[in-house]
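A quick write-up on the structure given underneath.
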Amino acid sequence: MLIPHDTRRALDVVVGLVNTAPESEPTDRLTDVEALTDFAVRYDVSDVGELTEDDVRAVRAVRARFADVFGASDPHTAAELINQLIAAAGTTPRLTDHDGYHWHVHYFAPGASMADHLAADCGMALSFILVSGELERLRRCEAPDCRHAFVDLSRNRSRRYCDSRTCGNRLHVAAYRARRKEASG
């Protein structure tokens with residue numbers, strides 16, 4: 001599956017956003033303006049002005065809608081959720097080549113709030129996944145103690161864990177120890 005750079009970045013942002021929620025983490029990681037600012041810096045979200053508590057509330061609401069997309073049971077449900085996000089954001093496609101990046105499309109209107117920015121750009125990235133018939137690539141980690149979201153970009157759609165070095169390795173080690181214990185016991 002060929003994914004353009006800007007779409008891949010938007011997918012990384014939406015996964016990062018969804019994974020700040022209490023469902024994925026022990027506590028909410030977007031609790032205040034400082035946390036939202038840190039998120040914007042970590043994911044290099046462009047054109048973000050001065051953030052306020054209203055932005056925090058609005059981004060958390062958008063995050064909940066994106067989490068619903070990752071939990072959608074069928075393409076029609078996912079499409080309805082994505083369409084609502086994109087429409088509410090007032091999507092305004094425009095070409096840009098800012099900050100040393102090659103030409104790419106931004107879908108948020110100039111001066112948009114951070115919530116609308118995320119809803120538009122990340123919503124469009126998710127729509128490309130859906131249009132490609134690849135909704136099953138939007139997943140939640142299968143580790144029993146982890147619910148992180150991720151986009152499975154493996155060739156054969158076989159990824160099961162948000163991170164094979166942590167969740168995947170931990171479960172494989174636990175299974176190995178259980179087999180050894182059973183064999184020796």
Side-chain angles (χ1 to χ4, degrees), residues 6-73 77-78 80-92 98-99 101 106-127 129 135 137-153 159-171:
D6 54 319
T7 301
R8 175 58 201 231
R9 286 199 54 202
L11 290 171
D12 290 344
V13 172
V14 73
V15 164
L17 180 63
V18 169
N19 288 339
T20 65
E23 179 180 1
S24 300
E25 291 292 316
T27 58
D28 193 325
R29 292 190 342 217
L30 282 184
T31 56
D32 56 25
V33 173
E34 182 180 351
L36 184 58
T37 301
D38 289 347
F39 178 87
V41 169
R42 184 177 329 113
Y43 287 96
D44 196 23
V45 180
S46 61
D47 295 333
V48 175
E50 179 96 14
L51 298 172
T52 67
E53 288 298 327
D54 287 341
D55 291 306
V56 174
R57 283 188 290 281
V59 168
R60 287 172 70 170
V62 166
R63 176 185 68 186
R65 301 304 302 265
F66 281 133
D68 291 343
V69 173
F70 275 84
S73 58
T77 302
E80 183 177 329
L81 292 165
I82 293 167
N83 283 337
Q84 289 170 2
L85 279 159
I86 292 169
T91 305
T92 308
H98 66 87
D99 300 329
Y101 293 108
H106 279 189
Y107 295 95
F108 60 94
S113 70
M114 185 162 174
D116 285 347
H117 176 144
L118 295 173
D121 273 6
C122 297
M124 289 303 298
L126 291 174
S127 71
I129 294 292
L135 182 63
R137 289 185 183 272
L138 304 182
R139 297 197 177 156
R140 292 284 188 165
C141 184
E142 290 183 19
D145 58 341
C146 180
R147 293 295 302 146
H148 278 156
F150 66 94
V151 179
D152 179 4
L153 297 177
R159 190 170 154 198
R160 298 174 49 209
Y161 307 109
C162 63
D163 185 350
S164 61
R165 291 170 299 186
T166 54
C167 290
N169 191 46
R170 189 169 25 87
L171 287 175

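As a basis for the values below, the full set of heavy atoms in this structure was taken, side chains included, without hydrogen atoms, waters or symmetry mates. When a residue number appears, it is its place in the shown sequence, counting from 1.
Under the 3.5 Å distance criterion, the side-chain polar atoms of R159 are matched with a main-chain donor or acceptor of Y161. Judged by distance alone, with hydrogens and angles left aside, the side-chain atoms of T37 form a donor-acceptor pair with the main-chain N or O of V33 at under 3.5 Å.
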Might you work through the salt bridge (charged side-chain N to carboxylate O under 4.0 Å, His left out) test for D44 and R9, ending with a clear yes or no? CA-CA 9 Å; D44 196 23; R9 286 199 54 202; 3.5 Å; yes
Evaluate salt bridge (charged side-chain N to carboxylate O under 4.0 Å, His left out) for R63 paired with D68, printing each intermediate quantity in order. CA-CA 9 Å; R63 176 185 68 186; D68 291 343; over 6 Å; no
Salt bridge (charged side-chain N to carboxylate O under 4.0 Å, His left out) for R29 and D38? Distances and angles first, verdict last. CA-CA 10 Å; R29 292 190 342 217; D38 289 347; over 6 Å; no
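Considering all non-hydrogen atoms of both residues, D55 and L51 come closest at OD2-CA, 3.3 Å. Minimum interatomic distance between I82 and L126 (heavy atoms only, all atoms of both residues): CD1-CB, 3.8 Å. Residues C141 and C162 share a closest heavy-atom pair of SG-N, 3.4 Å. The two residues R139 and F70 have their closest heavy-atom pair at O-CD2, 3.7 Å. Nearest approach of I86 to A119, heavy atoms of both residues: CG1-O, 4.2 Å. H117 and S46 make their closest contact through CE1-O, 2.8 Å (heavy atoms, listed as atom of the first residue, atom of the second, distance).
Surrounding CD of E53 are more than 12 heavy atoms belonging to other residues, nucleotides or ligands, all under 6.0 Å away.
Under the 4.5 Å side-chain criterion, counting only non-hydrogen atoms from C-beta, V151 is in contact with L138.
Applying the ring-ring contact (aromatic ring centres under 6.0 Å, His included) test to H106 and every residue at least two apart in sequence or in another chain returns H98, H104, F108.
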